[in-house]
Amino acid sequence: MPSEPNHVLEFPGGYTRSTGPVIGRFLTELRAGRIVGVRTAARKVLVPPLEYDPATGEPTLTTPDQTSPEPSYDFVEVGPAGTVREWTWVEEPRKNHPLDRPFAWALIRLDGADTSLVHAVDAPVKAMRTGMRVWPRWRSDRVGSITDLECFVPEVSTIVATVRTEYTVTPGAALARYLDALTREVFLAGRCPTCESVYVPYRLSCPQCGSVIEEELEVGPAGTVTTFAINNLPDPRAPQVPFVSAYILLDGADTPIIALLSEIPSDQVTEGMRVRAVFEGGTVKWFAPEREA
Ligand SMILES: [Zn+2]
């Protein structure tokens, strides 16, 4: 196996230093648990996205067609799974490495991408091989950093039939249970037995580790605004503008939900604000600032 190449060591810092529209979008998507690349004029999808195509030196800011002459970046969601193209083993992790146990640095070609991303793979060395399928393991409290992606882990292969069955046979069942609970003004969540992440809406398997989720619990109805947007274009669900959409971390949950925030002027909304669900007609009407009882 080759020794650890230097450019890999520089990787995490390289992203945290960078700003601008392309990396900014990449990091914002990471915070939301998505990975995006940018499509070049040559129709290649670069991941991580870059402002210039390294193959041609051309900007990736493109003008897609005559009807919309405004140049823009063509961001494309990729993965989240991918294939290991090359890898190198790290027997003794250093302090700034993403894992504190032996792991692999790998070049990972995410599904839908034309370039590879360097990231850590948490797997036993005997499981590592070129061509292996890997999935991201996300941190539950993401901040918009490459480290929001904690690492990649091998695709679940030994119990893949079970997990796939849960997904394909009952995808509607988890959502149906969640919606049914909402009619009782309850937010139903599920706790992963392995990594203990609490997901809302309730779901049947853990997106981080693939475990089957059986434990149900109630979260909320109060929570904290983690981030929000003030919208000035009307939406069918919110005809009055401006309206505020917010990511709300319900008390007891590890994943935020997105919801309308109302009963407060939009310029008074703050991150960290305490809010509570307002139910109407068997569902969540919106969230409103929590008032002292
Ligand atoms: Zn889990």
Side-chain angles (χ1 to χ4, degrees), residues 30-35 79-81 98-101 120-124 127 133-143 147-227 246-260 272 274-279 282-287 290:
L30 286 180
R31 188 175 61 191
R34 291 186 296 264
I35 308 168
L99 295 164
D100 59 4
R101 53 189 173 276
V121 175
D122 184 12
R133 296 282 298 165
V134 291
W135 286 72
R137 180 195 288 156
W138 295 97
R139 292 189 196 280
S140 54
D141 49 342
R142 296 190 292 271
V143 296
T147 57
D148 288 352
L149 259 173
E150 185 182 5
C151 61
F152 283 77
V153 293
E155 186 164 270
V156 177
S157 54
T158 50
I159 56 165
V160 72
T162 308
V163 175
R164 289 256 165 89
T165 302
E166 291 292 335
Y167 266 112
T168 53
V169 175
T170 51
L175 186 60
R177 290 184 61 73
Y178 176 74
L179 295 174
D180 179 62
L182 279 185
T183 66
R184 291 177 278 115
E185 304 195 353
V186 165
F187 288 99
L188 188 64
R191 190 190 331 259
C192 173
T194 309
C195 70
E196 300 191 336
S197 295
V198 174
Y199 296 100
V200 62
Y202 171 70
R203 52 187 302 152
L204 294 168
S205 64
C206 177
Q208 294 190 85
C209 71
S211 298
V212 173
I213 293 176
E214 289 175 335
E215 183 189 352
E216 293 177 4
L217 67 160
E218 294 179 13
V219 295
T224 303
V225 172
T226 61
T227 186
Y247 279 98
I248 294 162
L249 192 61
L250 293 172
D251 294 346
D254 290 318
T255 54
I257 60 172
I258 190 163
L260 286 175
R274 293 288 299 163
V275 294
R276 176 174 287 271
V278 176
F279 292 91
T283 189
V284 179
K285 187 182 182 190
W286 54 48
F287 280 76
E290 192 163 41

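Quick note: numbers below take in every heavy atom, side chains included, and nothing from hydrogens, waters or symmetry partners.
Side chain of Arg139 to main chain of Asp141: no donor-acceptor pair is present (N/O by atom type, distance under 3.5 Å, no hydrogens or angles). At least one donor-acceptor pair under 3.5 Å links the side chain of Asp148 to the backbone N or O of Val143. Checking side-chain atoms of Asp251 against main-chain N and O of Gly220 turns up no donor-acceptor pair under 3.5 Å.
The distance from the CZ atom of Arg137 to the OG atom of Ser197 is 10.0 Å, given to the nearest 0.5 Å. The CG atom of Leu179 sits 7.0 Å away from atom OG1 of Thr283, with the distance rounded to the nearest 0.5 Å. Note that CD of Glu214 is 11.5 Å distant from OG of Ser205, once rounded to the nearest 0.5 Å. Separating the CZ atom in Phe152 from the CZ atom in Arg133 is a distance of 11.0 Å, to the nearest 0.5 Å. Expressed to the nearest 0.5 Å, how far CZ of Arg191 lies from CG of Asp254 amounts to 8.5 Å.
Between Val153 and Val121, the closest side-chain pair of non-hydrogen atoms is not below 4.5 Å. The side-chain heavy atoms of Arg177 and Glu216, taken from C-beta on, include a pair separated by under 4.5 Å. Contact check for Glu155 versus Val134: no side-chain heavy atoms found under the 4.5 Å cut-off. Contact annotation: the side chain of Ile248 never approaches that of Ile258 to less than 4.5 Å [non-hydrogen atoms, C-beta and beyond]. At a threshold of 4.5 Å between non-hydrogen side-chain atoms, the residues Leu204 and Ile213 do not count as touching. Looking only at side-chain heavy atoms (C-beta outward), Val275 and Trp286 stay at 4.5 Å or farther from each other. Counting heavy atoms from C-beta outward, Asp122 and Arg101 have side chains that approach closer than 4.5 Å. In this structure the side chain of Val284 reaches within 4.5 angstrom of the side chain of Leu182, judged on heavy atoms.
Closest approach of Phe287 and Ala277 over heavy atoms only: CD2-N, 3.4 Å. For the pair Ala222 and Arg276, the tightest heavy-atom approach, listed with the atom from each and the gap, is CB-NH2, 3.9 Å. Ala189 approaches Val198 most closely through the heavy-atom pair CB-CG1, 3.7 Å. When all heavy atoms are compared, the tightest approach of Thr194 to Cys209 is CB-SG, 3.8 Å. Of all non-hydrogen atoms in Pro80 and Pro136, the two that sit nearest each other are O-CD, 3.0 Å. Considering every non-hydrogen atom in both Cys192 and Cys195, the closest pair reads SG-N, 3.3 Å.
Residue Glu218 places its CD atom among 12 or fewer non-hydrogen atoms of other residues, nucleotides or ligands, all under 6.0 Å distant. Within 6.0 Å of atom CD in Glu196, 12 or fewer heavy atoms from other residues, nucleotides or ligands are found, so the atom counts as exposed in its surroundings.
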Arg34 and Leu30: CA distance, side-chain angles, deciding distance, side-chain contact (heavy atoms from CB on, under 4.5 Å) verdict:
CA-CA 5 Å; Arg34 291 186 296 264; Leu30 286 180; over 6 Å; no
* Walk me through it: do Cys151 and Leu99 pass the test side-chain contact (heavy atoms from CB on, under 4.5 Å)? => CA-CA 8 Å; Cys151 61; Leu99 295 164; 4.2 Å; yes
Determine whether Thr224 and Tyr247 satisfy the following criterion, side-chain contact (heavy atoms from CB on, under 4.5 Å), listing intermediate values before the conclusion. CA-CA 8 Å; Thr224 303; Tyr247 279 98; over 6 Å; no
Stepwise, does the side-chain contact (heavy atoms from CB on, under 4.5 Å) test hold for Leu188 with Val200?
CA-CA 7 Å; Leu188 188 64; Val200 62; over 6 Å; no
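Taking the six-membered ring for Trp, Tyr199 and Tyr178 have ring centres at least 6.0 Å apart.
Remark: Arg142 is positioned above the aromatic ring of Trp138, its terminal NZ or CZ atom under 6.0 angstrom from the ring centre and at most 45 degrees off the axis.
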